[in-house]
Structure formats: C-alpha cells, structure tokens
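A, B, ... follow the sequence lines: proteins, then strands. Residue 1 opens every chain.
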4 protein chains.
Amino acid sequence: MSGTAAGTGGTGGGRRTGRPRSAAADRAILHATRAALVDLGWGGLTMGEVAARAGVAKTTVYRRWPTKSELVLDAVAALLDEELELPDLGSLRADVECVVQRFAALIDRPEAKTALMAVVAESTRDAALRQRVRQAIVAPQKRLVVLGRHRALERGELTEGPGDPGATVDLIFDVIAGAVIHRLLVSGEPVDGEWARRFTTVLLDGLVATASPGAGHRPEEHR
Amino acid sequence: MSGTAAGTGGTGGGRRTGRPRSAAADRAILHATRAALVDLGWGGLTMGEVAARAGVAKTTVYRRWPTKSELVLDAVAALLDEELELPDLGSLRADVECVVQRFAALIDRPEAKTALMAVVAESTRDAALRQRVRQAIVAPQKRLVVLGRHRALERGELTEGPGDPGATVDLIFDVIAGAVIHRLLVSGEPVDGEWARRFTTVLLDGLVATASPGAGHRPEEHR
Amino acid sequence: MSGTAAGTGGTGGGRRTGRPRSAAADRAILHATRAALVDLGWGGLTMGEVAARAGVAKTTVYRRWPTKSELVLDAVAALLDEELELPDLGSLRADVECVVQRFAALIDRPEAKTALMAVVAESTRDAALRQRVRQAIVAPQKRLVVLGRHRALERGELTEGPGDPGATVDLIFDVIAGAVIHRLLVSGEPVDGEWARRFTTVLLDGLVATASPGAGHRPEEHR
Amino acid sequence: MSGTAAGTGGTGGGRRTGRPRSAAADRAILHATRAALVDLGWGGLTMGEVAARAGVAKTTVYRRWPTKSELVLDAVAALLDEELELPDLGSLRADVECVVQRFAALIDRPEAKTALMAVVAESTRDAALRQRVRQAIVAPQKRLVVLGRHRALERGELTEGPGDPGATVDLIFDVIAGAVIHRLLVSGEPVDGEWARRFTTVLLDGLVATASPGAGHRPEEHR
DNA sequence: ATATAATCGAGACGGTACGTCCGGTCTTGCT
DNA sequence: AGCAAGACCGGACGTACCGTCTCGATTATAT
C-alpha cells in the first residue's frame, strides 16, 4: 500500500461514532478513475464522471479526494504498487536490463502514460503534489536501483566509489527512468529488448567505450 | 523558424481573396499565451484569457489555433526557437556538459516547464500532436547531439561504431534529455555544474568505470 | 394561478430526492423577466440578463425554463393572472364597454405589449407554445365573455340563438380581442372611452343600423 | 410597389457615379428572405443566412437594408403588394365576406404569418418601424374597406352616418383585420366560409339582432 | 432500545469557461 | 463607386463541470 493521506478513515485518528466510510466505495472510485483516464485522458476526466462510473455520489468522491490531482495520483500509485521484486539474474548487466524493461512495461500502459505525465505537469506548479509524487511513485521504483547496486557491490562488479552514495543512486535513477520515459513518451518509440541492451551498454560502459575502436565486442565480454 | 501549420496565412498556399489575417495578432496571441502560462499554468490557461491579454477577440484565436494544445505548442516552440549554437569547446566532455546545461536552462524556465509536460501529456492521446511536438521541439534539440557527435568523430574521440548512426543519436538524446527532464521535473533537483559533470562522466565512461576502483581519476585522463 | 408546467417542482408530482428547488428563485426570475422586458424588449431580452437581474445563476433559469418563449409566457401569464372580475353594470352595452376597456388596459402595458406579440409570433411556429398561450392567456380572458353573455341572457338582452354557443363565444372573443389588439398594436391608436363606445355600438347593433339613416340615435335608446 | 426607402437606388437623389447597384441582387435578397423566414422563422433568420441564400455578400445586404426588421418588412410588403382588386359582388354582405376571406388568405401563408407578427412585435418598440408597417402593409388593405364602403353608400345599403368617416373606416378595419388575425394566429382556427358568414352577420347586423328572438332569419332578409 | 452522528444518494445552487454563432464593421482586390 | 470574400471585435448563446449546499434515508456506535 502506498498509504496516502486520503481514502477510508478520513481524518485518521479522530472519529469514533457515526456511519463509517465504505471501503467498497474507495475501491470503486479508484478503479473508475483509472478506467476513465484511459477513455477520456486527463483533460476529459471529471469528478462527476468518476462518481458516475463508480456508482457513487459526487460528494462521496469529494469527501475522500478534494482535488483531481490527488485522486489521480492515488489511482496511479495503486497501479504501480504491485510488489516490486527484482529477480537476481546473476550480473549487473542483466539486472539493469531487467529493471529497464520492467519500468518500461509499467509506464507503457494506457492508464499510466497520460496520468503520470499529467500529474508531473501539474506538480510543476504545486510543491505539495510534487512531494507526494516522489513519495508515492518515484521512491518505490528507486528501491530497485538501490537493490541492484547493492547486489553489484556484493558481486564486486561495482565499488562504493567516491562521493555520496545517495547522490549516485539519484543520478542513476534519473538516467534510467528519464531515458525510458523520454523514449516512450517523447520519442514515441518502443522499449524493446534491443534498445534495453544498447542502453545498458552505454550506461555501464560509457559512450566512449561503446562507440570507439573495438567497442563493438565489449558487451560480449560481460556475458 | 518553427513554421508550424497554424498562424497567419492559414493553410499556406491557398486563399487569395478577403481580408488577410493580421500578423500582429499572431504575435500578440503567442506572447499572451506564454505570459498567461507563467501566471496561471496549463490548467488555468483559457482561450478567453489569452484573447483578452492579446487584446483580440476569442474568435480570432480560435480561427488560428483550434485547440489549447496546438496554441501552447506553437507558443513554446517559438520560445525554443532561438538559434541553437554549440560553441566548440575542444573536447567531447566539455561539449556534452555544455549541451546538458543549455538544455537544462531551456527547460527550467517557468513558461516552459509546465507547458512542455502538459503538451507531452496531451500528446500521449493525440498522435498528430505527438508528431508536431517531435517536429517543433525535439528535432531542433537533437541537432546539437548530431553536431557534437560529428565533432567528436573528427577529433577521434569517438568512432562510427556498429549499427545505425541514427539509432545511436536517438539513444544518446533519449539519455541526455530524459535525464535532465527527470532530474528537473520529477526529482525536482537543479541541474548545476556539479551534476552536469557527474552525469557526463557516467555517460562517457560508463557506470562500471565511474564507480569502480580507480574510477575517480579516469575523467582526468581524458582532459 | 395559471399553474404552468414549468417552475418549482419541475414535472409536478415526481421527484422526492435531492435538494428541492428554491421557490424564491422562481419569483425572482419571473419578476426580473418582466422588468427586463420593459427595459430591453423581446429582442434585447437575454437569459443571462434575466439571471443577472434575478441574482441567480444562468443554469438556474435554464433548469426551469428551457427557452425564452416559455419563460416570457409564464412571466406574462402571471401578470394577467389577477382575479378577473366583471362588475355587473346592469346592461349588456355597459358590460361590453367595460370588458373592452379592461382588456385594453391589460394589453397596453409596456411589459405586456411586446411580450405578448412576440410570444404569439413565436407560437406561429411552435404548436406546443401555441397551446400554452391559449391555456394561460386566452382562456382566462374568454371567461369574461362567457360571463357577460350569461348575464345578458338572464336579462333577456340576448337569446340563446341558433348554433353552437361555444362557437358564438369564440367569435365574439375574436372580434373583441382582435379589434382591441389591432387598434393598439397595429393601428397604434389608444383605446379610449370614445372608441370603446363606438366599437360596442357596432358590435351590438351592427354596421348597417349604426351607419344607416337614423342610426345615430339608437345608442341613446339603450342608456 | 410599396416604394420603401430601401432597395436599389439607395440614398435616393444623390449618387451619379460608380457602379450602380444590381437590381438582381435586390430581388434575390428579398426572395431569399421570404424563403428563410419560412424555414427558420423570425428568430432563426440571419443576415448572413439571407446573404448566403441570395448568393450575395453580407455587405451587399447591409448596404440596402441596415436592419433585419426593415429587410423583413420589405420582403413581406412585396408579398402583400399584389393588385388588390375587390370584385363588385352586388351586396355589402357579399363584399365583406369576400374581403374577410381574401385577407385571411393573405395572412394565412407560412411566410407571412410569422413575419407579420414578428414585425408587429418589433414595432411596439420602434416608432419608425411602426410607421412603415402602417404605410406598407396596413394602408393598402384599408383601401379595400374604403372601396367597399363607397359601393355600399352608392347602393344605399349604408349612409354617411354621423362623425368622421375616416374614424369609421379605421374602426371597421380594426374589427375586420383584428378578428381575422386573432382567429388565425391566437385562436389558431381556420377562417372558412362558415366563419366568414357568421362574422359578417355580426358585423353588419350586430350581436343583439343576431342572437335575439327571431334573429336567425334576419340574415336571409338581406339576401 | 434508543439517541447520536457521520455517510450515502440525489440533485439544485452560484460560478466560470467552453466553443459556436451572429451582428456589424473593416480591409483587400476585382469589376 | 459596387461587389465577393472573409477577417475582425464584441457579445450572447446553451452546455458542461466545478465545488458547495441542502435534503431525506441509511447505518454504525454509544448510551
């Protein structure tokens, strides 16, 4: 669970009496939100439409999520919230390729694509929303990078290196996530095995080694 | 000139009768759009508001740009349309760092940030818009990568390498642009000299060399 | 009460859930409509203007009256809806003169004049509207004719005569109302006591008797 | 010809030079106006629509008729402008019945109905328009009454009677025209031979004679 | 058992913006 | 000059959602 502030239970600690909020409504609303996003896109999504699809009154939606951004954020977060396992494939190269493909698969779903970018766009003007995006979406994904790096360090494929380890992880995540997102959403090209392999090579070995004399074979040496 | 389909003259070759469209109106509208974007953001941007700021009737805006997306796209494209010069700094490393910083400076302006992401979000549901985004915004930037690579090849810092050169340029652009965008808009951290240097190192030398024993000095060897 | 279909409560018997419609809004809207009609005329009357004057949202007006015609109809009907009493003046001649003057006074008000004709004009293309005009405006006035005729029959000034009594009442009403309306709105002349007297003479005694040898004195005989 | 101010020739005396106005355009515009009135009604009638139907530019319409009212007025006047002949049927009664039926036939055409009432409605707020309505539409019709009266005087069916003859004609016309219009447009019933006969009886003989003991035979005495 | 209290559905409410249409005016180039 | 074409400003159109509110009707827990 991404455990956001909204949702069943409302104000949290307080209330003891009265009719409790329906957990079924929560689920129906989030589900309806994702479905509506696919059909209508961010701009076409309305609170009223969500309520109608969820078979719920508009007030019931507003009681839980005061804004469209927060609603969509939670709807998408729930989507990315599956257990993020990273199978140990034995080598840093294989692990990276796997992360790339998984992340691409995650993003490249109709209900995630639009929603993610729209929430990011919205977050450029709303600090609180930006904070929640990082917490609910970015952080969980970043754990995969931390995990992969940890394994590589244990295997001896990488060393601690100089400087702040956190900054290094951040950098790597920016590169991986950024490249995948840009490829998919801006360039509009698929992230297939071929691209994942070539990207991984550049990331691990660098542009110089990759596109230099004798570079073509280097990748094979690692297999 | 980004020379998009919209704007004065309409369909281009065609019309020769009737009162011609005012070129001044075009300029006023695009300027008003950028100003309104900064003040109000994508969601708050209104065709009516743009018209009012431009001192123009709403119909005059709609006659030229039928949708908000197209209007904003052209407004932003005009913004990114300054002559993109890449000074020859003597080394691939310096050139890359320069491109990174320039691109970051371009993106990290209030009128560009929100608009870009919103247009990208919108383009996930509109193939025609996606096409125009690539044409008007992505393609010009990509030329810098082509130019830098050309210089590096001449200097002997890179070789042609195997495979399609176009694919290679695409990959590199996805990595650079993606990382910068992700850093700025998702991670919400600044792209300063320090980050640009570290990113460039990873890109050129690879993660393994960078974060391995003795990696810290490698960059110096290239200078 | 003319009790038209529109107004508070909607379809009448039906709805029992949701927030009930405000009766105050109904009154404010109808009042604003009449006021706006006087100031702006039919052509200048705007749903938005009515809403603004009534201190009400445009949607609140549309929710009750979907078209300008229906709104104006109800506004005018309410105006003509005062209790229509016909004092017994003792003779058919006096009664007719009274009805003529009353009807003229009713029509010859700024808020009624334009509205009535405009609604009639509109009704030439809209059967449903025509039906409502007859129900809400014509029928009540016609009762005066029925009443006057009834008294004259009791006094022995008239007899049942041949043919359908309904058709006779209709004919008389067409003559009285038509003449008054035509005098006021088309000829543009006032309906004063003099005219009412002369019209009544023609109606009761006929053109031949009125404009024939010795006709000039006949009216006096009835006084 | 109803000879209104508008139409070909424009400012009247003045202009000598330049391209003369096209008479064909005048005809096309008036014809298009009538056609559009039938199809769309007063409210739906548009200067632009008229221009389009007439195959003429909007400016060409405005150059001749500055307002919708004046355009429609002329279009309708042209319609009622046929030579108004009143065949001498030998008796006042037959003449009146004939006038009633003719007038009803004139009014009861789709292109005349709506237009007439709409112009009248508009004229309640526009003195100049009211003046032109009387000149172009009312006056010609009134001549029939004058003519019929003249014949009846010659035949000895009527005498000059007391008072102003003009006022008498006005009164008679208000009664005839008003009754027919009211019957057709407000009551929504047809003006057939039966109604014309009954109306004529009331008009000539009066209500008292018509609906009194022995009244039923009176009409026959005049035949 | 019965209050108490919050939730639920429904839908009206005051607003704001939408994208379209028309009214009238004005350029522009052709006749 | 007139004319066709069509852009221009302004303003109303009727609709859609917004987020809030008032209802009556349900459910829970807390007496």
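No hydrogens or angles were tested; on distance alone, nothing pairs the side chain of A:Arg19 with the base of E:dC8 as donor and acceptor under 3.5 Å. Residue side chain C:Lys58 does not reach the base of E:dG15 through any donor-acceptor N/O pair under 3.5 Å, judged by distance alone.
When rounded to the nearest whole Å, the span between CZ of A:Arg21 and C1' of E:dA5 equals 14 Å. The CD-P distance, from D:Glu70 to E:dG24, rounds to 11 Å in whole Å. In this entry the distance linking CG of C:Asp26 with P of E:dA12 reads 12 Å, nearest Å. Whole-Å rounding puts the B:Tyr62 OH to F:dG11 P distance at 17 Å. For the pair A:Leu71 CG and F:dG19 C1', the interatomic distance rounds to 14 Å; values are reported in whole Å.
The two residues B:Arg125 and A:Leu37 have their closest heavy-atom pair at NH1-O, 3.8 Å. Nearest heavy atoms, B:Leu40 versus B:Leu45: CB-N, 4.2 Å.
Ranked by how close their nearest DNA chain E nucleotide is to the 5' end, C:Ala57 and D:Thr67 are led by C:Ala57. Residue order along DNA chain E, read from the 5' end via each residue's closest nucleotide, puts C:Ala25 first among B:Lys68 and C:Ala25.
Contact annotation: C:Thr60 side-chain N/O to E:dG14 OP1/OP2 distance is under 4.0 Å. Under 4.0 angstrom from either OP1 or OP2 of E:dG14 there lies no side-chain N or O belonging to C:Thr59. Distances shorter than 4.0 Å separate some side-chain N or O of C:Arg63 from OP1 or OP2 on E:dC13.
In this structure, the nucleotide among F:dC18, E:dG14, E:dA5 sitting nearest to the side chain of A:Thr46 is F:dC18.
A heavy atom lying under 4.0 Å from DNA chain E marks the following residues of residues 47-55 of chain B, by number: B:Met47, B:Gly48.
Remark: side-chain polar atoms of B:Thr46 are not paired, donor with acceptor, to backbone N or O of B:Gly48 under 3.5 angstrom. Using modelled atom types, no side-chain atom of A:Ser123 and backbone atom of A:Asp126 make a donor-acceptor pair closer than 3.5 Å. In this structure, B:Thr60 contributes its side chain and B:Val56 its backbone to no donor-acceptor pair below 3.5 Å.
With a 4.5 Å cut-off on side-chain heavy atoms, D:Trp65 and D:Asp26 count as touching.
The cationic group of C:Lys113 does not satisfy the cation-pi geometry with C:Trp42, failing either the under 6.0 Å distance to the six-membered ring centre or the 45° limit from the ring axis.
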